[in-house]
There are 2 protein chains.
Amino acid sequence: MLQEFKPENGANADIAPLSAKQMEDVCPVRSVISHVGDKWSTLVLGELSQKPYRFGELRRSISDISQRMLTQTLRDLQRDGYVNREVFPTKPPSVEYSLTELGQSLVFSLKQLIEFALENHPKVVDARRKFDAENM
Amino acid sequence: MLQEFKPENGANADIAPLSAKQMEDVCPVRSVISHVGDKWSTLVLGELSQKPYRFGELRRSISDISQRMLTQTLRDLQRDGYVNREVFPTKPPSVEYSLTELGQSLVFSLKQLIEFALENHPKVVDARRKFDAENM
DNA sequence: CTGAATCCTACTTGATACTG
DNA sequence: CAGTATCAAGTAGGATTCAG
């Protein structure tokens with residue numbers, strides 16, 4: 001049931017290699033979970049799942065993210081339809097970010113994985129310790 | 001509920017930065033999902049969820065993975081306790097890889113995310129198309 | 001305040017060649 | 001067969017500077 005991860009290698013095997021951006025659309029699953037493994041996306045999704053945030057507020061909230069990466073992460077999430085970006089023409093301007101329905105749905109699906117992580121983290125740490133010990 | 005992603009920034013804020021390997025153990029969630037976003041881990045987990053594989057067999061099955069990356073991916077998964085590695089002293093030697101219980105459990109938790117991906121991929125593609133159109 | 005643009009470094013990955 | 005070692009290339013990420 002995880003096969004969908006694998007791009008077809010029969011039909012397109014001898015076609016010119018795809019660009020990273022094209023590649024994205026080939027495999028539905030990878031296309032979506034690319035954000036999950038991403039260093040910052042999950043953090044941002046987590047914050048936004050609590051309430052809408054303004055840019056600077058979000059930046060302070062995650063604290064160790066650079067402004068460049070926050071901008072980029074938000075753009076990517078917005079592009080994929082997970083995040084809404086609303087500009088208020090105040091002076092100075094302010095921008096509010098919030099989750100779309102799709103974004104909320106993604107966060108929901110993430111929860112099971114998070115619960116797994118929290119529950120099994122000790123086992124993983126233990127396995128690592130053992131492995132490292134056995135392999136010097 | 002996603003806060004666990006965020007490393008504590010109060011207590012350790014002014015301590016020396018951690019190495020990548022140490023960092024791993026700081027956040028339980030990121031520590032686990034690091035494999036999820038990884039380009040190959042999910043593929044490998046997917047294959048192994050069907051049956052045990054030998055090295056070369058797995059390599060052919062994923063086809064576009066390099067032997068180097070397969071070795072490395074398997075090592076990482078083994079280290080974290082998701083994969084069993086069993087060596088048969090035949091001649092030439094053969095090695096069999098299979099999922100541990102923990103590995104099976106991880107795959108199970110992944111399913112919800114995969115279903116989300118398959119179900120919502122069209123929406124994401126659509127959102128991207130729109131976004132790209134609006135932003136030239 | 002919210003970003004865009006540039007530069008620069010460090011890690012990741014792939015190709016290739018070699019070994020038990 | 002199942003790896004390890006080495007080197008080259010690509011990519012992601014941080015720091016800094018500038019702009020609406």
Side-chain angles (χ1 to χ4, degrees), chain A residues 7 17-24 30 34-44 47-48 52-79 83-98 135-136, chain B residues 7 9 17-24 30 34-44 47-48 52-79 83-98 131 135-136:
Chain A
L18 303 172
S19 73
K21 210 146 216 172
Q22 289 174 314
M23 191 63 176
E24 253 189 343
R30 191 167 321 181
S34 66
H35 293 294
V36 179
D38 182 70
K39 189 175 179 185
W40 301 113
S41 294
T42 40
L43 266 328
V44 171
E47 293 299 320
L48 291 182
Y53 273 85
R54 289 186 43 197
F55 187 88
E57 196 183 2
L58 199 48
R59 177 146 168 47
R60 282 186 298 278
S61 173
I62 302 188
S63 83
D64 53 348
I65 192 174
S66 71
Q67 171 249 46
R68 182 185 189 278
M69 281 301 102
L70 181 54
T71 302
Q72 189 172 308
T73 301
L74 285 168
R75 278 291 169 288
D76 289 347
L77 291 173
Q78 186 196 354
R79 184 171 109 96
V83 163
N84 272 322
R85 178 177 185 271
E86 193 173 0
V87 182
F88 296 100
T90 54
K91 210 180 108 171
S94 74
V95 181
E96 186 174 279
Y97 293 93
S98 59
N135 300 266
M136 284 134 293
Chain B
N9 45 1
L18 303 171
S19 73
K21 212 148 215 170
Q22 289 174 315
M23 191 63 175
E24 256 190 341
R30 191 168 322 186
S34 66
H35 293 295
V36 179
D38 182 70
K39 187 176 180 186
W40 302 114
S41 295
T42 40
L43 266 329
V44 171
E47 292 300 320
L48 292 182
Y53 274 85
R54 289 183 43 193
F55 187 88
E57 196 183 2
L58 199 49
R59 177 148 168 43
R60 281 186 298 278
S61 173
I62 302 189
S63 83
D64 54 346
I65 192 173
S66 72
Q67 170 252 42
R68 183 187 189 279
M69 280 301 102
L70 181 54
T71 303
Q72 189 172 308
T73 301
L74 285 168
R75 279 292 170 286
D76 289 347
L77 291 174
Q78 185 195 354
R79 184 172 110 95
V83 163
N84 272 323
R85 177 176 185 271
E86 193 173 2
V87 182
F88 296 100
T90 54
K91 212 180 102 171
S94 75
V95 181
E96 188 174 279
Y97 292 93
S98 59
F131 183 89
N135 298 267
M136 282 132 292

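Residue numbers start from 1 in every chain, and the chains themselves are labelled A, B, ... in the order their sequence lines are given, proteins ahead of strands.
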**OP:** Given side chain to side chain contact (heavy atoms under 4.5 Å, CB included), test L48(A) with V83(A) step by step and report yes or no.
**Re:** CA-CA 9 Å; L48(A) 291 182; V83(A) 163; 3.8 Å; yes

**OP:** Under the side chain to side chain contact (heavy atoms under 4.5 Å, CB included) rule, what do R85(A) and L74(A) come out as? Steps first, then yes or no, please.
**Re:** CA-CA 9 Å; R85(A) 178 177 185 271; L74(A) 285 168; over 6 Å; no

**OP:** Could you please spell out the steps behind the side chain to side chain contact (heavy atoms under 4.5 Å, CB included) verdict for Q72(A) and D76(A)?
**Re:** CA-CA 6 Å; Q72(A) 189 172 308; D76(A) 289 347; 4.3 Å; yes

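Taking every side-chain heavy atom of P93(B) into account, dG20(C) is the closest of dT4(D), dG20(C), dG20(D).
The separation between I62(B) atom CD1 and dG14(C) atom P is 12 Å, rounded to whole Å. Atom-to-atom, CG of D38(A) to P of dT12(C) comes out at 14 Å; the value is rounded to the nearest Å. The interatomic distance linking R59(A) (CZ) with dT2(C) (C1') rounds to 11 Å, in whole Å. Atom CZ of F55(A) is separated from atom P of dA4(C) by 9 Å (rounded to the nearest Å). Protein atom CD of Q67(A) is 11 Å distant from nucleotide atom C1' of dA5(C), rounded to whole Å. The nearest whole Å value for the distance from the CG atom in D64(A) to the C1' atom in dA15(D) is 15 Å. For the pair R75(A) CZ and dT2(C) P, the computed distance is 12 Å after rounding to whole Å. Between I65(B) atom CD1 and dA15(C) atom P there is a gap of 12 Å when expressed in whole angstrom units.
A close approach under 4.0 Å does not occur between any side-chain nitrogen or oxygen of R68(B) and OP1 or OP2 of dA5(D). A sub-4.0 Å separation between OP1 or OP2 of dC1(D) and a side-chain N or O of Y97(B) is absent. Put simply, K39(A) has no side-chain N or O that comes within less than 4.0 Å of OP1 or OP2 on dC11(C).
For T71(B) (side chain) and Q67(B) (main-chain N/O), a donor-acceptor pair under 3.5 Å exists by modelled atom type.
Comparing R54(B) and P92(A) against DNA chain D, the residue whose closest nucleotide sits nearer the 5' end is R54(B). Residues G56(A) and S66(B) each lie close to DNA chain C; by heavy-atom proximity, the contact nearer the 5' end of the strand is made by G56(A).
Taking 3.5 Å as the limit, the base of dT2(C) and the side chain of E96(A) contain no donor-acceptor pair of atoms between them.
L43(B) has its side chain within reach of W40(B): a pair of non-hydrogen atoms, C-beta onward, lies under 4.5 Å apart.
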